[in-house]
Participant: 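Provided herewith is a single structure, encoded as structure tokens, for subsequent inquiry.
This structure is a prediction, so every number in the text was calculated from the model and none was measured. Residue indices begin at 1 and follow the sequence shown.
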Amino acid sequence: MHTHNHSNEISDLVQILLVTPFVLGLIGYLLSVSISNRKKKQWPFYRVVLWIIGVVCASLSVIGPIADRSHEDFSAHMIGHLLLGMLAPLLMALGAPMTLILRTLPVHSARRLSYILSSGPISILHNPIFTALVNVGALWLLYTTELFPMMHENVVLYAFIHIHIFLAGYLFTISIIYIDPTPQRKSFIYRSVVLLMALAAHSILSKYLYAHPPDGISTAQAELGGMIMYYGGDTIEVGLVCILCYQWYRSTRSKVKAANLQLQKN
């Protein structure tokens, strides 16, 4: 991978800018937990831990050694991709931030926020097909076009792509597994089909990169990066699949219990 004269500028300024939202998100989450615990029952501790670990994973991908090496080492770049676009979104989604916000806000503000979240434009962001295209489709665009080498030449593009990778990964995650209140929910079958298609597209991309290195990437680096993307991505995706299956199981069991109770009453 190419080394550029202005890499120090990216490493210093952009890394600070990229990590700032995650630091603020961590502070805001912990403050919200404190406020919520004073008003209502204790917020689950495991959700706090998941949120913290998620923020750490995202931060490690945009600042520090991994971020520095990603300009020269494709394998480091791919580790950052997995942390920022897959693992951090999953862990942070399990932290249920929207539920926490609704618990923290005054009743009228919480109702207003719920109304906004149920609006038409916002519901598009929860559609698994849309989020899959924005997430995996954007990765195909990044790695199979000139965007990848351009990203390391342009500070603004570099920042934009990293922000997009996280947001797209987060939106995709919350469109597949429902942790927070979600209006206009899709069926488990619908989400499962979209998830399997997205996982297949991600796996195919990793194999494509293994055989067709992006511009400026050596064959050896492409092979290692492709394997990291394939096996690392599969590991995280298994977690996503397990959570979806568990939610499906619980939903089915609840319906069976309700049906049995109704039969007993009759």
Side-chain angles (χ1 to χ4, degrees), residues 54 57-58 61 70 74-94 123-148 151 161-179 182 184-215 217 219-252:
C57 289
S61 69
S70 67
F74 190 62
S75 60
H77 165 84
M78 200 53 68
I79 292 173
H81 155 67
L82 294 178
L83 290 174
L84 183 64
M86 298 186 71
L87 184 56
L90 176 59
L91 294 173
M92 293 173 73
L94 293 174
S123 65
I124 296 175
L125 300 178
H126 286 280
N127 190 305
I129 292 180
F130 173 81
T131 60
L133 290 174
V134 171
N135 186 27
V136 184
L139 293 178
W140 274 89
L141 183 65
L142 172 63
Y143 293 118
T144 61
T145 67
E146 295 297 319
L147 272 179
F148 183 73
M151 176 180 71
I161 288 177
H162 280 72
I163 292 171
H164 173 88
I165 287 175
F166 172 77
L167 292 179
Y170 186 83
L171 288 175
F172 177 72
T173 301
I174 65 174
S175 73
I176 297 298
I177 56 172
Y178 297 152
I179 305 299
T182 305
Q184 303 179 20
R185 296 189 169 205
K186 302 298 182 183
S187 69
F188 284 102
I189 293 178
Y190 181 94
R191 286 179 279 153
S192 297
V193 171
V194 175
L195 175 58
L196 290 176
M197 294 177 63
L199 300 188
H202 191 267
S203 295
I204 293 172
L205 176 58
S206 64
K207 295 177 181 178
Y208 179 88
L209 292 176
Y210 185 94
H212 303 87
D215 290 344
I217 304 300
T219 300
Q221 283 199 14
E223 291 177 352
L224 180 56
M227 287 191 292
I228 291 173
M229 184 179 186
Y230 182 83
Y231 292 108
D234 275 359
T235 302
I236 299 170
E237 289 161 356
V238 166
L240 188 61
V241 170
C242 288
I243 293 170
L244 179 62
C245 290
Y246 176 69
Q247 291 179 335
W248 198 343
Y249 166 75
R250 288 189 59 185
S251 175
T252 302

Participant: Please tell me if the side chains of Ile177 and Leu90 come closer than 4.5 Å, counting only heavy atoms from C-beta onward.
Facilitator: yes
Participant: Should we count OH of Tyr249 as having more than 12 external heavy atoms under 6.0 Å?
Facilitator: no
Participant: So which atom in Ile129 and which in Asn127 form the shortest heavy-atom distance, rounded to 0.1 Å?
Facilitator: N-OD1, 3.0 Å
Participant: Between His164 and Val134, is there a donor-acceptor pair closer than 3.5 Å when you use the side chain of the first and the backbone of the second?
Facilitator: yes
Participant: Enter the distance from Ile228:CD1 to Ile79:CD1 here, rounded to the nearest 0.5 Å.
Facilitator: 4.5 Å
Participant: Report the distance from atom CG of Leu91 to atom CG of Leu83, rounding to the nearest 0.5 Å.
Facilitator: 10.0 Å
Participant: CZ of Phe188 to CD1 of Ile176: how many Å apart, nearest 0.5 Å?
Facilitator: 11.5 Å
Participant: List the steps and the verdict of side-chain contact (heavy atoms from CB on, under 4.5 Å) for Ser61 and Phe166.
Facilitator: CA-CA 10 Å; Ser61 69; Phe166 172 77; over 6 Å; no
Participant: If you round to the nearest 0.5 Å, how far is OG1 of Thr235 from OH of Tyr230?
Facilitator: 10.5 Å
Participant: Provide the closest heavy-atom pair for Phe148 versus Pro214 in the form atom of the first, atom of the second, distance.
Facilitator: CD2-CB, 3.9 Å
Participant: Output side-chain donor-acceptor pairs under 3.5 Å for residues 139-146, partner residues at least two apart or in another chain, one line each.
Facilitator:
from   : atom 1 : to     : atom 2 : distance (Å)
Trp140 : NE1    : Ala201 : O      : 3.2
Tyr143 : OH     : His77  : NE2    : 2.7
Thr144 : OG1    : Trp140 : O      : 2.4
Thr145 : OG1    : Leu141 : O      : 2.5
Thr145 : OG1    : Leu147 : N      : 3.2

Participant: Main chain of Tyr178, side chain of Gln247: is a donor-acceptor contact present, judged purely on distance under 3.5 Å?
Facilitator: yes
Participant: Please step through side-chain contact (heavy atoms from CB on, under 4.5 Å) for the pair Leu209 and Ile217, ending with a clear verdict.
Facilitator: CA-CA 10 Å; Leu209 292 176; Ile217 304 300; over 6 Å; no
Participant: State the CD1-CE distance between Ile236 and Met86, to the nearest 0.5 angstrom.
Facilitator: 5.0 Å
Participant: My understanding is that only one of Leu82, Leu87, Leu84 makes a side chain to side chain contact (heavy atoms under 4.5 Å, CB included) with Cys57; could you say which?
Facilitator: Leu87
Participant: Where is the tightest heavy-atom contact between Leu224 and Ser75, given as atom of each residue plus distance?
Facilitator: CD2-CB, 3.7 Å
Participant: Determine yes or no for a side-chain-to-main-chain donor-acceptor pair under 3.5 angstrom, with Ser203 supplying the side chain and Ala200 the backbone.
Facilitator: no
Participant: Backbone N or O of Arg185 within a donor-acceptor pair of the Thr182 side chain at under 3.5 Å?
Facilitator: no
Participant: Start with the C-alpha distance between Lys186 and Val194, add both sets of side-chain angles, then the distance that settles side-chain contact (heavy atoms from CB on, under 4.5 Å), and finish with yes or no.
Facilitator: CA-CA 11 Å; Lys186 302 298 182 183; Val194 175; over 6 Å; no
Participant: Tell me the closest heavy-atom pair linking Met92 and Tyr170, and the distance in Å.
Facilitator: C-CE1, 4.1 Å
Participant: Pro213 and Thr219: which non-hydrogen atoms are nearest, and at how many Å?
Facilitator: CG-CA, 4.1 Å
Participant: Can a donor-acceptor pair be found, under 3.5 Å and without considering hydrogens, that links the side chain of Arg191 to the backbone of Pro128?
Facilitator: no
Participant: Looking only at heavy atoms, which two atoms of Thr131 and Leu171 are closest? And how far apart?
Facilitator: CG2-O, 3.7 Å
Participant: Just verifying a value: how many Å separate Leu125 CG and Ile174 CD1, rounded to the nearest 0.5 Å?
Facilitator: 8.0 Å
Participant: Applying side-chain contact (heavy atoms from CB on, under 4.5 Å) to His126 and Gln184, what does each step give before you reach the verdict?
Facilitator: CA-CA 9 Å; His126 286 280; Gln184 303 179 20; over 6 Å; no
